[in-house]
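Working notes for the structure below.
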Amino acid sequence: MSLFGRRERDDLRSELAISRAQLRVCEQDARRLRAVLDAVPVGLVLSDLDGKPVLRTPPARQGGHVDHLVEDAVEQLLVAAAAGTRGERRLDLVGPPARVLLLKGIPLADGGALAVIEDLSERARLDAVRTDFVANISHELKTPIGALAVLAETVADHDDVDVMRGLAERMVEEAHRASSTIDDLLELSRIELGGRAVREVVDVGMVISEAIHRTALAAERQDIHITVADPHPPKAMGDSRQLVSAVANLLDNAVKYSDTGSEVTVSVVGTDGWVDITVADRGIGIPTRDLDRIFERFYRVDRARSRETGGTGLGLAIVRHVANNHGGVVRVQSREGEGSVFTLRIPASED
Ligand code: ADP
């Protein structure tokens, strides 16, 4: 015999069906919420009433941002937050890899606490690069401007016309140096900001002629002959203004770091969807140990020589940026005392 009548049984059945449906909705909501939490790039750790971790999102698990040092700091913050105290801590981990993490402990209204783990490593790296860059620029401009001040003071103390003329010539040189650095900085930031915007069919022959035209005066002064190996090169895809700037910088270096009367050759080869523009010189060459660093801003192998030749230390940084903007690459082969070969690879035109 049943404890319940038929109507009561029917009522119970329908209540059970409703509860099951509600449970399914709740489970679905929980799954969705979990997926949302798992997609959040910062790490989240939820604690019970005593501050003991009960739930972690993937970046807050071991192997993500977390190791035992971070784990200890998170647990301390959670215990304090579960007791009502909000806290924040920055961890500078030496690594490798070096990381900077910001940890926050937040008390929750219904008890328990939430810890947030934010990875600031990339932001810290960019801040360091920016600070370094500003320090470099200041140094690069301070040198010619300081020299200008000293020369101007010396002029003021002299009445001999020949001495004054000599000092004035050096003042012009220093002013040109400051102005070249500013020009290259503007060019570099234009190329960095301009990014990949322009993609048009580029006549590589025109790019090379324009770049040679820009370098002609310096080449003439050193009696250096620039030869173009292929007068009808293939067409490329990209930004002709940026490409002229890159090739002109390579040519400018080839001339600057070669002896009087030397030869510089520009050649172009099309292969598998790429166009390789090569600038080869028979100049002083680059020591192997410096090859990895020459594309950094303001890096020079020989400061004195670069200063003598009016180098800004930014030319190859410009070339590398142009290559990156085109999805290409710049490579160098060099031997001290024998010469250097720089190859700029950019996409070929599909036409
Ligand atoms: P810079 O204005 O000093 O020439 P770059 O960024 O153009 O600066 O080049 C960085 C350094 O790489 C130069 O200071 C020089 O030491 C070296 N370098 C670049 N091109 C050549 C080259 N063709 N031959 C020898 N050394 C070169």
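We're numbering straight along the sequence, starting at 1. Just so we're clear, the structure is a prediction, and the values are computed from it rather than from any experiment. In listed order, ligands and their atoms are each counted from 1.
- Side chain of N325 to backbone of I191: a donor-acceptor contact under 3.5 angstrom is found.
- With hydrogens and angles ignored, the 3.5 Å screen pairs no side-chain donor or acceptor of T278 with any backbone N or O of T343.
- When atom types are taken as modelled, the side chain of D48 and the backbone of D50 share a donor-acceptor pair closer than 3.5 angstrom.
- Of the protein's non-hydrogen atoms, the one nearest atom 26 (N) of ligand 1 is I286 CG1, 3.3 Å.
- Inclusion of A317 in the set of residues having an N or O under 3.5 Å from an N or O of ligand 1 is not warranted.
- Atom 3 (O) of ligand 1 has as its closest protein heavy atom S306 OG, 2.8 Å.
- With respect to atom 17 (C) of ligand 1, the closest heavy atom belonging to the protein is V301 CG2, 4.0 Å.
- Remark: R331 fails to qualify as a cation-pi partner of F342 under the 6.0 Å distance and 45° angle criteria applied to the six-membered ring.
- Near G315, the atoms of ligand 1 lying under 4.0 angstrom from a non-hydrogen atom of the residue are 5 (P), 6 (O), 7 (O).
- When non-hydrogen atoms are compared, ligand 1 lies under 4.0 Å from neither the backbone nor the side chain of D290.
- From the protein, the heavy atom lying nearest to atom 12 (O) of ligand 1 is I294 CG2, 3.4 Å.
- Shortest contact from atom 7 (O) of ligand 1 to any protein heavy atom: N253 ND2, 2.8 Å.
- Between the side chain of H326 and the backbone N or O of D239 there is at least one donor-acceptor pair closer than 3.5 Å.
- The minimum heavy-atom distance linking A248 with R214 is given by the pair CB-CD, 4.3 Å.
- For atom 8 (O) of ligand 1, the closest non-hydrogen atom on the protein side is G313 CA, 3.1 Å.
- With ligand atoms numbered from 1 in the order given, ligand 1 contributes 6 (O), 8 (O) to contacts under 4.0 Å with heavy atoms of L314.
- No donor-acceptor pair closer than 3.5 Å links the side chain of T85 to the backbone N or O of A81.
- Heavy atoms from other residues, nucleotides or ligands lying under 6.0 Å from CZ of R300 number more than 12.
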> Does the pair N253 and D281 meet the rule for a side-chain contact (heavy atoms from CB on, under 4.5 Å), with working shown?
Replying inline: CA-CA 9 Å; N253 283 345; D281 65 59; over 6 Å; no
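- Between F298 and ligand 1 there is no heavy-atom distance shorter than 4.0 Å.
- Of all the atoms in ligand 1, the ones that sit under 4.0 Å from a non-hydrogen atom of K256 are 1 (P), 2 (O), 4 (O).
- Within the structure, ligand 1 has G285 among the residues with a heavy atom less than 4.0 angstrom away.
- The nearest pair of heavy atoms linking V332 to F295 is CG1-CE1, 4.0 Å.
- In terms of protein heavy-atom proximity, atom 23 (N) of ligand 1 is closest to D281 OD2, 2.9 Å.
- Looking at atom 21 (C) of ligand 1, its nearest protein heavy atom turns out to be Y257 CD1, 3.6 Å.
- Using a 4.5 Å cut-off between side-chain heavy atoms of Ile, Leu, Val, Met, Phe, Trp and Tyr, with links allowed through other members, V341 and I277 fall into different hydrophobic clusters.
- Below 4.0 Å from some heavy atom of Y299 lie the following atoms of ligand 1, by number and element: 10 (C), 11 (C).
- Remark: ligand 1 atoms within the under-4.0 Å shell around heavy atoms of R300 are 3 (O), 14 (O).
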